[in-house]
Number of protein chains: 2
Amino acid sequence: MVDVASRAGVSKSLVSLALRGDPGVGAATRERIVQVAEEIGYRPHVLARALRERRTRRVGVILASLDNPYHTEVAAAVEDAAEKAQLSVLLAHGKRTSGQMEERINALLDLNLDGIVVVSSWAPPEMLQAAARRAPVVMIGRSTEAVDGIDSVNNDDEAGAALAVDHLAAAGHSKILHVNSSPRPAGLARRQGYEAAMRAHGLEAHIRVTSRGPDGALEPDLAAALAEGYDAVFARNDVEAADVLDYAWDHDIAVPDELAVVGYDDSMLARRTRPRLTSVHQPRADMGARAVELLLERIDGRSEDYHEVHAPRLVVRESAP
Amino acid sequence: MVDVASRAGVSKSLVSLALRGDPGVGAATRERIVQVAEEIGYRPHVLARALRERRTRRVGVILASLDNPYHTEVAAAVEDAAEKAQLSVLLAHGKRTSGQMEERINALLDLNLDGIVVVSSWAPPEMLQAAARRAPVVMIGRSTEAVDGIDSVNNDDEAGAALAVDHLAAAGHSKILHVNSSPRPAGLARRQGYEAAMRAHGLEAHIRVTSRGPDGALEPDLAAALAEGYDAVFARNDVEAADVLDYAWDHDIAVPDELAVVGYDDSMLARRTRPRLTSVHQPRADMGARAVELLLERIDGRSEDYHEVHAPRLVVRESAP
DNA sequence: CTGTTAGCGCATTCAT
DNA sequence: ATGAATGCGCTAACAG
């Protein structure tokens with residue numbers, strides 16, 4: 001910076017002001033300074049600036065999984081929104097274990113980011129609170145309960161599950177199985193939504209906790225359920241719905257004729273499977289945008305907690321017309 | 001730090017030494033210092049340390065796409081390898097345009113990372129060279145040509161294409177279409193590999209540049225090719241192979257009986273499609289590990305360029321048995 | 001608009 | 001083992 005200053009024949013302070021767009025700098029001098037800076041390839045030292053300013057103008061997004069298309073789609077939505085707010089986004093990947101997750105969150109916070117958004121239900125409340133003591137945190141997705149000090153935005157899982165059940169019931173299905181291998185909050189909420197909706201229709205709820213074999217394939221415990229006459233499945237998310245479709249394919253079960261399938265998330269997978277998957281859509285673009293807005297408000301000093309719930313909607317495709 | 005020092009009844013310098021594991025600190029005092037640091041929740045200020053030490057012990061991974069499972073799988077492989085080397089990894093997402101890409105690369109470099117690995121063929125050579133002037137760069141994937149000053153690790157695309165063609169030819173196919181919508185280096189290399197292999201088998205090469213409609217679906221220009229009697233397709237990557245499978249499904253073309261399909265990358269998609277996709281596997285775990293090793297060597301001062309080429313192998317599944 | 005001063009949190013050196 | 005001093009590159013406050 002001293003170099004730029006001397007070459008432009010001004011003071012170091014003026015260079016600082018000019019480069020940051022301070023209005024109190026004459027247009028001509030600013031022009032010259034910017035010119036010189038470019039010439040000698042000067043770039044402000046972000047770390048030094050952050051050390052002094054006590055903020056980085058950067059936010060982190062931490063996601064549990066790079067494999068689940070829904071997660072990466074949400075991350076992309078957050079990025080888009082952040083970009084519009086002149087915030088640079090750093091991604092980190094938590095790898096599905098709580099220890100990893102904590103390490104990653106701290107690694108991000110160590111960079112003194114202005115805030116982080118967590119896209120995962122693998123982060124326990126205590127971990128989130130610890131993080132929130134270091135920087136504003138907003139969570140996209142559902143946590144066990146409202147966590148003090150952090151904002152959240154998620155979709156109404158109970159309503160989403162009801163959309164799925166209503167759709168299947170309206171199509172004449174009465175033996176509707178719920179497939180759900182997740183003990184975490186979003187999974188539980190969808191399960192409860194399913195149970196409530198089934199009750200509302202006077203139908204008997206039946207839940208199957210699937211698990212994956214060593215090769216990552218769905219264990220064939222669906223066979224028993226199908227033998228019991230189930231002709232429709234509402235799965236906890238698109239990944240599990242795709243597992244069900246795969247199982248059906250491998251066992252010559254016709255979808256949707258013998259078995260209708262509904263997923264959750266409306267991720268890329270829903271468009272990729274054949275037959276295409278009917279799925280509950282979470283408004284991820286809106287949710288990402290709101291997450292960024294909430295983060296900005298927090299950075300700006302808001303201290304009450306906001307918990308936003310967005311309405312899902314059903315996207316009907318071939319797997320459950 | 002001053003706080004820790006006074007509480008532990010030692011000097012600030014000693015705290016610094018103790019926390020960084022300097023051998024010249026007595027075991028008992030170190031113990032006490034670490035203890036106190038933990039008690040009051042002290043964490044070293046990474047930015048200040050980096051400012052002083054001129055390195056961050058962090059590397060960046062920049063990837064063009066979060067949607068292409070192969071890319072995220074490579075990123076995960078790099079992360080795993082980096083973790084073993086005690087390096088913390090930051091991800092950034094380039095969003096498929098060259099401008100975005102450059103912005104992201106610079107955003108990462110502005111953090112004074114010790115190095116970056118680029119997982120993308122969207123970064124033009126000049127951009128990579130500019131980046132390499134700021135920090136060590138290694139590229140995973142193929143660039144137009146060997147770029148001065150950066151290391152690269154990729155698979156042998158020509159050999160991979162030949163594996164696919166050989167397999168199809170051995171299964172009795174002679175009308176093998178190549179589907180390839182990518183004008184970028186890896187795409188070109190696979191195309192050339194296809195052409196060479198077809199020539200070697202005395203077969204006529206035929207290439208179709210697919211494009212996507214507004215809804216992201218593959219445009220139906222496959223129809224013509226199939227009418228011409230093609231009974232096998234080798235696609236440039238799994239995404240395009242999945243497009244072909246989708247097309248086949250939507251047009252009642254039986255795979256593999258009427259049309260055999262081979263993809264490239266052996267990503268998650270290959271296991272997800274039905275029928276499961278035969279695909280050329282890139283050894284991404286090895287490639288990621290090597291990328292990290294090369295980066296460490298660069299950080300350590302190596303200045304010659306390394307360009308590594310790994311051997312692909314074919315994974316046979318149902319779409320082309 | 002200038003130029004000086006102070007300090008962000010740390011690592012490092014050196015004399016003690 | 002100490003503790004004072006220096007500087008990493010920058011911003012901010014202030015008197016000119």
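Quick caveat, the model's predicted, so the values are computed rather than measured. To find a chain, count down the sequence lines: A is the first, B the second, and so on, and within it residues start at 1.
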Specify the residues of residues 130-137 of chain B, ordered by number, for which at least one heavy atom lies under 4.0 angstrom from an atom of DNA chain C.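 Result for residues 130-137 of chain B: none.
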
What is the distance, to the nearest angstrom, from the [atom1] atom on [X] to the [atom2] atom on [N]?
| X | N | atom1 | atom2 | result |
| --- | --- | --- | --- | --- |
| A:Leu111 | C:dG9 | CG | P | 16 Å |
| A:Asn112 | C:dC10 | CG | C1' | 13 Å |
| B:Leu19 | D:dA1 | CG | P | 15 Å |
| A:Leu47 | C:dC10 | CG | C1' | 12 Å |
| A:His45 | C:dG9 | NE2 | C1' | 14 Å |
| B:Asp110 | D:dG9 | CG | P | 15 Å |

[X] side chain to [Y] side chain, donor-acceptor N/O pair below 3.5 angstrom:
| X | Y | answer |
| --- | --- | --- |
| A:Asp157 | A:Asn155 | yes |
| A:Ser65 | A:His71 | no |
| A:Glu73 | A:Gln282 | no |
| A:Asp114 | A:Thr56 | yes |

Do the side-chain N or O atoms of A:Ser16 get closer than 4.0 angstrom to the phosphate oxygens (OP1, OP2) of D:dC10?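 For D:dC10, neither OP1 nor OP2 has a side-chain N or O of A:Ser16 closer than 4.0 Å.
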
With no hydrogens and no angle check, is any side-chain donor or acceptor of [X] less than 3.5 Å from a backbone partner on [Y]?
| X | Y | value |
| --- | --- | --- |
| B:Arg20 | B:Ser16 | yes |
| A:Arg43 | A:Glu38 | no |
| A:Arg302 | A:Glu304 | yes |
| A:Arg57 | A:Leu87 | no |
| A:Arg284 | A:Asp265 | yes |

Specify the residue among A:Ala48 and B:Val25 whose closest nucleotide of DNA chain D lies further upstream toward the 5′ end. B:Val25

Check the interface with nucleotides 2-5 of chain C: list each N/O to N/O pair with the protein under 3.5 Å, or write none.
unit_1, atom_1, unit_2, atom_2, d
C:dG3, N7, A:Ser13, OG, 3.3
C:dT4, O4, A:Ser13, OG, 2.9

Between A:Leu113, A:Ile116, A:Asp110, which is the residue that forms a side chain to side chain contact (heavy atoms under 4.5 Å, CB included) with A:Arg134? A:Asp110

With B:Leu128, which of B:Asp148, B:Val118, B:Val138 fulfils side chain to side chain contact (heavy atoms under 4.5 Å, CB included)?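 Checked B:Asp148, B:Val118, B:Val138 against B:Leu128; only one passes side chain to side chain contact (heavy atoms under 4.5 Å, CB included): B:Val118.
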
Counting the atoms with a prime plus P, OP1 and OP2 as sugar-phosphate, which does A:Met1 contact under 4.0 Å by heavy atoms, base, sugar-phosphate, or nothing? base

List in numerical order all residues of residues 49-58 of chain B for which some heavy atom is under 4.0 Å away from an atom belonging to DNA chain D. B:Leu51, B:Arg52, B:Arg54

